[in-house]
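Report on the structure given below.
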Amino acid sequence: MLQKARAEFFLSGRSIADWARAHQFRQDLVYAVLSGRSKASRGESHRIAIELGLKTPSAINSSYSMEENT
């Protein structure tokens with residue numbers, strides 16, 4: 001999945017830094033998610049993974065529902 005996301009950047013000719021700026025994400029976090037250094041389990045890295053298509057939006061909905069139940 002990570003390789004596919006990186007390949008899409010390469011094939012589109014768009015830099016990761018440009019994508020990060022356009023989506024108002026920190027560049028270092030985008031690189032960390034794409035390299036696998038970040039598990040993207042919560043916070044901004046989690047939102048980055050969703051925007052990149054690495055995680056489904058339903059994953060974020062279930063985390064919100066867990067918080068509401070506590």
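By convention here, the first residue in the shown sequence is residue 1.
Nearest approach of Met1 to Gly53, heavy atoms of both residues: CE-O, 3.8 Å. Taking each heavy atom of Ala17 and Gln27 in turn, the nearest pair found is CB-OE1, 3.4 Å. The two residues Ser35 and Ala32 have their closest heavy-atom pair at OG-O, 3.2 Å. The two atoms that bring Ala40 and His46 nearest to each other are O-ND1, 3.0 Å, heavy atoms only.
Interatomic distance, CD of Gln24 versus CZ of Arg47, reported as 11.5 Å (0.5 Å rounding). Separating the CD1 atom in Ile16 from the CZ atom in Arg21 is a distance of 11.5 Å, to the nearest 0.5 Å.
Of the options Glu8, Gln3, Lys4, a side chain to side chain contact (heavy atoms under 4.5 Å, CB included) to Arg6 is made by Gln3 and by none of the others.
No path of Ile, Leu, Val, Met, Phe, Trp and Tyr side chains, each step under 4.5 Å between heavy atoms, connects Ile50 with Leu54, placing them in separate hydrophobic clusters. Under a hydrophobic-cluster definition in which Ile, Leu, Val, Met, Phe, Trp and Tyr are linked whenever side-chain heavy atoms come within less than 4.5 Å, directly or via other members, Phe9 and Phe25 are assigned to the same cluster.
Judged by distance alone, with hydrogens and angles left aside, the side-chain atoms of Glu44 form no donor-acceptor pair with the main-chain N or O of Leu29 at under 3.5 Å.
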